[in-house]
Colleague: 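Mind having a look at this structure? Questions to follow.
Order of listing sets the numbers, starting from 1, for every ligand and every atom in it.
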Amino acid sequence: MSEQPILQVSGLKKHFRLGRGSTLKAVDGLSFAVRRGETFGLVGESGCGKSTAGRTIIRLYEATEGEVLFDGENVHRLKGSKLQSFRRKMQMVFQDPYASLNPRMTVGNIIAEGIDIHGLYTGKQRRERVHELLRAVGLNEEHAGRFPHEFSGGQRQRIGIARALAIEPQFIIADEPISALDVSVQAQVVNLFKKLQREHGLTYLFIAHDLAMVRHISDRIGVMYLGKLVEVTASEALYAKPLHPYTQSLLSAIPIPDPALERTRERIILEGEIPSPLNPPSGCPFRTRCPKAMPECAAAMPELKEAGPEHYVACHLY
Ligand code: SF4
């Protein structure tokens, strides 16, 4: 794995104006880098801004502030042929594989959408490419003539992945790609992502709402809370020694498969709901639910700082 980041996000903000002077700060100052060939897991409860972050990075949304550098180019300044070339390099896989597939199109035409938009192949070559993609995601050639409703949730997500792969991207943003699937199917889809990463040298930004889901795929993980990153480090370090009280509570909620350990597991139950991003608390955004909150937590927002080797945390305890 090369150390040169393929994606560098700096101070990224995405605010939505909602009328009557209120502003929803969905993403409020994200900074992180994703190295070529790695999987970066972006995790947080629903409403924390992780999906908005993904959509702003791929430029489905324009950024309010900040920078997204992909291969050294500022994504939000790209125009014309450079923007088109970026659109080929970065693709997205969505959470709900049914809602994201047009029910009136055959699977073959869905998968070939990007091929057609970018004018890559026609006729026999296009057909062969679709068959190759179906095989790559564990489906078969006959599936090309069928419609999305004829497939299970797991198969539909495989179709979504084939569609993303069709134009040979370098980077895939997978927005909760396994959350809507049965637990028995989730591992299969994660394994497919890993296989495709090995075969195609892909880099992933893998968005999920709980840490259990990203454990087996992520090299590094960023934990988000109310539009901000609160902890970023290598997967092993995060699971072995979580520093931020929010990460500690998320991890304590994951059941341990060993019954003896499970009985002694200490669970940290968080009080209250995630506050509205329309009216975030002063100081540390987590302070209204943090079991370790101190008076200074209300006064100043903790910055993301290096607390150990490549282990970043935003908390006044460190
Ligand atoms: Fe808790 Fe304070 Fe750390 Fe925020 S800064 S996570 S409130 S201890």
Side-chain angles (χ1 to χ4, degrees), residues 9-15 22-33 40-54 64-66 205-215 218 220-256 265-318:
V9 176
S10 310
L12 187 68
K13 293 188 183 179
K14 179 62 192 171
H15 295 176
S22 66
T23 301
L24 185 128
K25 296 179 177 176
V27 175
D28 202 26
L30 278 198
S31 298
F32 65 98
F40 188 94
L42 192 60
V43 177
E45 289 165 289
S46 70
C48 74
K50 56 194 189 302
S51 290
T52 304
T64 305
E65 215 179 291
L205 178 65
F206 203 94
I207 299 172
H209 65 260
D210 83 44
L211 279 166
M213 284 192 188
V214 288
R215 178 165 204 158
S218 305
R220 288 186 308 129
I221 292 179
V223 179
M224 267 184 89
Y225 190 81
L226 274 187
K228 296 183 194 310
L229 276 169
V230 297
E231 187 160 3
V232 181
T233 190
S235 268
E236 312 87 72
L238 193 86
Y239 289 96
K241 196 167 178 274
L243 296 180
H244 197 282
Y246 179 56
T247 315
Q248 290 167 354
S249 75
L250 288 181
L251 275 176
S252 84
I254 300 177
I256 303 170
R265 173 166 72 104
E266 203 189 320
R267 288 208 58 184
I268 305 166
I269 312 281
L270 289 183
E271 302 280 330
E273 294 292 309
I274 186 165
S276 163
L278 275 173
N279 189 18
S282 64
C284 171
F286 188 54
R287 75 174 169 82
T288 52
R289 297 166 83 196
C290 180
K292 297 182 180 161
M294 314 166 278
E296 68 200 84
C297 302
M301 169 111 62
E303 297 293 323
L304 200 63
K305 281 195 217 128
E306 196 163 10
E310 298 229 22
H311 196 149
Y312 299 85
V313 63
C315 171
H316 292 310
L317 291 171
Y318 303 96

Colleague: Quiz question: by atom type and distance under 3.5 Å, do the side chains of Glu65 and His15 form a donor-acceptor pair?
Modeller: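 Distance-only check fails for Glu65 and His15.
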
Colleague: Assess the pair Phe40 and Phe206: is the distance between their ring centroids shorter than 6.0 Å?
Modeller: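 No.
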
Colleague: Side-chain donor-acceptor pairs under 3.5 Å in residues 297-305, sequence neighbours left out?
Modeller:
none

Colleague: Which protein N, O or S atoms does atom 4 (Fe) of ligand 1 have within a distance shorter than 2.8 Å?
Modeller: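 Hits for atom 4 (Fe) of ligand 1 below 2.8 Å: Cys284 SG.
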
Colleague: Can you check whether Phe32 reaches Leu205 side chain to side chain, under 4.5 Å on heavy atoms?
Modeller: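 Side-chain contact under 4.5 Å: yes.
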
Colleague: Answer with yes or no whether the side chains of Lys292 and Gln248 bring together a donor and an acceptor at under 3.5 Å.
Modeller: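 Gln248 vs Lys292: donor-acceptor pair found between side chains.
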
Colleague: Can you confirm whether the side chains of Arg287 and Ser282 place a donor and an acceptor under 3.5 Å from each other?
Modeller: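 There is such a pair between these side chains.
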
